[in-house]
Amino acid sequence: MQDRPTAAELVAAVREWIEHDVVPATEGRLAFHARVAANALGIVERELTADAAFTAAQRERARALLGHDGPAAELERELAARIRDGSLDGRLDEVREHVRRTVREKLAVANPGYLPDAARP
Amino acid sequence: MQDRPTAAELVAAVREWIEHDVVPATEGRLAFHARVAANALGIVERELTADAAFTAAQRERARALLGHDGPAAELERELAARIRDGSLDGRLDEVREHVRRTVREKLAVANPGYLPDAARP
Amino acid sequence: MQIRRALASAPVAAPHPDPDALAAVASRAIGAEVTIEAIRRLSGGASRETWAFDACTPAGGRHGLVLRRDPSRHAGASDRSTEYRLLAAAGAAGVPVPRVRALLEPADGLGSGFLMDRVEGETIPRRILRDDAFAAARPVLARQCGAIAAAIHAVPAGSLPPLPVQDAAGQVAQYRALLDGFGEPHPAFELGLRWLADHAPPPPERPALVHGDFRNGNLVVGPDGVRAVLDWELAHLGDPVEDLGWLCVRSWRFGNTARVVGGFGDLDDLLDAYAAAGGGAVDAEHVRYWVALGTLKWGVICIAQAFTHLSGTVRSVELATLGRRVAETEWDLLDVLDGGW
Amino acid sequence: MQIRRALASAPVAAPHPDPDALAAVASRAIGAEVTIEAIRRLSGGASRETWAFDACTPAGGRHGLVLRRDPSRHAGASDRSTEYRLLAAAGAAGVPVPRVRALLEPADGLGSGFLMDRVEGETIPRRILRDDAFAAARPVLARQCGAIAAAIHAVPAGSLPPLPVQDAAGQVAQYRALLDGFGEPHPAFELGLRWLADHAPPPPERPALVHGDFRNGNLVVGPDGVRAVLDWELAHLGDPVEDLGWLCVRSWRFGNTARVVGGFGDLDDLLDAYAAAGGGAVDAEHVRYWVALGTLKWGVICIAQAFTHLSGTVRSVELATLGRRVAETEWDLLDVLDGGW
């Protein structure tokens with residue numbers, strides 16, 4: 001267990017420095033990459049804040065779909081394989097609902113502005 | 001659960017950009033802060049990679065010391081209070097050993113170069 | 001992959017082409033002794049270059065030209081010469097493209113490539129969609145794209161260089177294999193791959209020329225509308241509706257989601273103009289199939305770009321971040337599978 | 001907190017002092033009409049400023065001066081005038097300090113502060129510990145520090161401005177309360193606070209002048225050794241061994257861990273010279289107590305700096321990162337509690 005600032009707080013401090021100090025002092029390729037870097041750190045901040053809950057919810061849904069528990073990544077891998085081999089074809093509505101929620105949870109971290117307001121998790 | 005790059009990989013990408021592109025292009029205050037920022041992101045990378053295991057080990061030790069389980073942060077808070085109120089005075093050797101390990105785990109994330117080689121976890 | 005240019009990334013540093021060698025080729029192309037001025041890199045990655053320059057005649061004439069080349073000496077010349085012959089054929093068939101001027105020869109000492117006229121105009125999608133300068137152009141772009149697509153698809157097969165044939169089922173298999181190579185599960189793409197395999201249109205009886213990257217970002221636009229179609233590197237023979245679908249992929253709307261065609265127009269305008277220009281009647285569901293496949297392709301390409309960074313091939317925060325844009329394409333794909341646009 | 005300067009951070013932007021007003025004060029200080037040249041900010045935070053400049057006489061004389069001031073108009077003038085009187089008293093007692101030249105008056109229009117001579121030399125610890133220019137100085141620094149400390153502690157009480165009295169037990173209580181304010185558990189510091197409370201030396205019978213921030217970083221060093229002691233803002237009355245302990249805190253060794261005194265010398269040299277200069281015999285364990293307390297103080301100050309950022313008072317990646325240096329002080333403190341240095 002680490003001291004404050006938390007990892008997310010450190011990332012935020014660097015992001016603010018890029019936005020307030022680097023972007024105004026640069027131009028061209030460096031300024032473009034500064035904006036990309038600040039955006040990348042914003043993604044990390046949202047992930048560190050929100051993803052544990054997202055992953056828990058995703059795992060719980062996948063467990064219900066697949067009938068057994070496991071690490072979220074393993075369940076997702078199994079789900080992908082079973083969509084491909086057709087063995088979930090009888091429950092595609094449930095599968096689609098799960099997948100849509102998972103993608104929504106990823107967008108809430110990667111680019112929340114991409115989601116229509118009604119679809120924000 | 002989020003896609004690759006992982007949070008640590010995104011942080012590493014930004015750190016490399018700061019080290020390779022920002023530091024050589026800046027001077028004075030901005031270059032100084034660029035080095036500070038790169039260092040901060042290095043801390044985050046190590047934390048995202050290693051801290052889960054550190055926190056689990058810390059919690060297990062604190063559980064043994066305090067006689068009950070709980071979130072690592074809560075156990076650490078209780079430990080601090082009990083060192084202060086003297087109720088662990090009879091077991092100070094154990095307490096010191098736990099505290100030294102915890103500090104070592106923090107340094108392994110914050111500044112691994114600070115530890116003597118023999119003390120690296 | 002050429003699609004990468006959608007990111008508007010700054011070009012990678014590269015040595016300038018030799019001005020004397022360039023002047024010699026340009027003189028041959030123009031038919032007058034010229035000198036070279038204002039040479040500058042336009043875009044491109046490490047292995048492919050695009051340079052703009054002015055060829056100036058002693059009489060004060062100034063001719064805007066573009067050099068497209070692969071500078072490496074050992075590479076086969078086939079790529080750039082295919083593009084040259086393709087541009088020549090498309091131009092001859094009435095497609096608005098930059099006029100090609102000269103194919104580089106080994107003796108030119110400039111690598112493999114060619115010279116073409118520079119077409120003045122804007123290619124950056126967000127400017128085309130938002131700047132006042134293009135306010136009058138925007139309402140006509142969809143119809144213009146329909147007519148241009150019909151012209152592309154009508155380029156006579158006999159005038160073309162050899163091109164690969166790519167149908168829908170083949171592309172689905174290709175991108176499924178590419179996805180598998182990264183080892184990262186994407187259930188949304190699996191749903192898409194199943195649907196795409198089940199709904200693949202049959203290969204066209206007579207495959208047409210398909211541009212392959214016909215979208216907002218590869219159009220040179222002026223206040224009057226589309227002036228040229230660029231970036232023919234992904235051209236192939238196949239189902240012409242592929243171009244119409246790719247033009248409507250949501251990623252190329254750059255935030256103007258409600259305007260299905262490139263962020264600037266409506267599907268009806270595109271299809272009406274396409275039919276009016278001789279492209280034939282196209283079923284919107286047929287377009288939607290290619291929108292779905294295009295969305296998945298762009299998503300898999302984003303993964304590939306992120307892994308270019310992760311593998312250490314090219315370390316770049318820009319490439320890395322693309323890995324987190326994949327979710328946008330998954331979201332779009334699920335919408336399209338549900339009947340959306 | 002003055003200790004913050006250990007970070008070598010660049011100064012915060014501030015308006016330059018008015019050159020005409022400065023020239024008037026400098027003329028009074030030098031006793032000749034001077035003009036001001038080469039004014040530059042040396043260091044400091046948002047509320048306290050240090051400026052270096054040259055006062056130039058018509059005859060071509062050039063006098064290096066320093067302005068220390070609190071520019072805010074409303075603040076009481078006591079802080080800077082206390083520092084002025086302290087430097088005057090220390091200088092009179094033979095402590096190497098910059099000679100004070102003029103106390104600012106309200107009519108000067110420069111805020112509250114004073115002028116002092118500029119002492120040429122190096123203050124950056126890593127340079128003092130590594131640059132060849134100081135190779136001859138390094139072996140003598142510990143003994144010089146011992147003699148200087150003895151001189152500080154012998155400054156006659158009657159010559160001093162009013163100063164707070166701070167003993168060990170009071171500082172332990174103060175830093176315990178400061179730590180509690182952040183709400184973050186630090187068992188290592190709790191172990192330290194218990195030990196420090198149990199082992200606190202009794203208040204000295206006659207409190208001496210204590211510099212309060214006597215360490216590598218506040219010493220002006222030349223090739224010949226220590227030329228001046230700066231930064232008297234934390235001066236107080238108390239146990240003189242506090243200064244010896246603070247000089248030996250591991251954080252001020254800047255990587256030269258084996259050299260207990262400031263990263264440049266050994267404890268025996270420090271204590272021998274201290275005794276030889278009239279400071280009296282000091283028990284190493286007494287020094288170690290103040291090393292432990294100093295280590296804890298610096299750790300708590302690092303937490304405070306991080307919370308200055310986290311609270312939004314001053315957003316700064318530099319301050320934020322200090323929160324993760326706390327573990328270094330915890331590690332050092334545990335070593336010192338175990339009898340280490």
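Predicted, not measured: the structure shown is a model, and the values here were computed from it. In what follows, every chain begins at residue 1, and chains take the letters A, B, ... in the order their sequences are listed.
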Apply side-chain contact (heavy atoms from CB on, under 4.5 Å) to the pair B/Asp85 and D/Arg194, showing each step before the final yes or no.
-> CA-CA 9 Å; B/Asp85 72 18; D/Arg194 284 294 302 276; over 6 Å; no
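- Most heavy-atom pairs under 4.5 Å with chain D, from the set B/Val99, B/Val109, B/Asn111: that is B/Val99.
- Separating the CG atom in D/Leu334 from the CD atom in B/Glu97 is a distance of 10.5 Å, to the nearest 0.5 Å.
- The neighbour count for D/Arg127 CZ, taken as heavy atoms of other residues, nucleotides or ligands under 6.0 Å away, does not exceed 12.
- Remark: side-chain polar atoms of D/Arg324 are not paired, donor with acceptor, to backbone N or O of B/Ala40 under 3.5 angstrom.
- Atoms CZ and CG, from B/Arg100 and D/Leu337 in turn, are 9.0 Å apart once rounded to the nearest 0.5 Å.
- Between the CZ atom of B/Arg84 and the CG atom of D/Leu179 there is a distance of 6.5 Å, given to the nearest 0.5 Å.
- For a residue to count as touching a neighbouring chain, one of its non-hydrogen atoms must lie under 4.5 Å from one of that chain's; by this rule B/Glu47 touches chain D with the side chain only.
- Taking each heavy atom of D/Ala327 and B/Val103 in turn, the nearest pair found is O-CG1, 3.5 Å.
- Contact of B/Leu88 with chain D is not made at all, since no heavy-atom distance falls under 4.5 Å.
- For D/Asp335, the parts lying near chain B are the backbone and the side chain together; criterion is any non-hydrogen pair under 4.5 Å.
- The number of heavy-atom neighbours closer than 6.0 Å to CG of D/Asp180, taken from other residues, nucleotides and ligands shown, is above 12.
- Between the B/Arg77 side chain and the D/Gly183 main chain, a donor and an acceptor come within less than 3.5 Å of each other.
- With rounding to the nearest 0.5 Å, the separation of CG in D/Leu191 from CG in B/Leu92 is 6.5 Å.
- Ranking B/Thr102, B/Val95, B/Leu115 against chain D, the residue ahead of the rest is B/Leu115, based on heavy-atom pairs under 4.5 Å.
- The two residues D/Val317 and B/Val36 make their nearest non-hydrogen contact at O-CG1, 3.8 Å.
- Using a 4.5 Å cut-off between heavy atoms, B/Arg96 contacts chain D through both its backbone and its side chain.
- Summarising the geometry, atom CZ belonging to D/Arg325 is positioned 9.5 Å from atom CD1 belonging to B/Ile43; distances are rounded to the nearest 0.5 Å.
- A 4.5 Å side-chain heavy-atom check between D/Glu318 and B/Phe32 finds at least one atom pair inside the cut-off.
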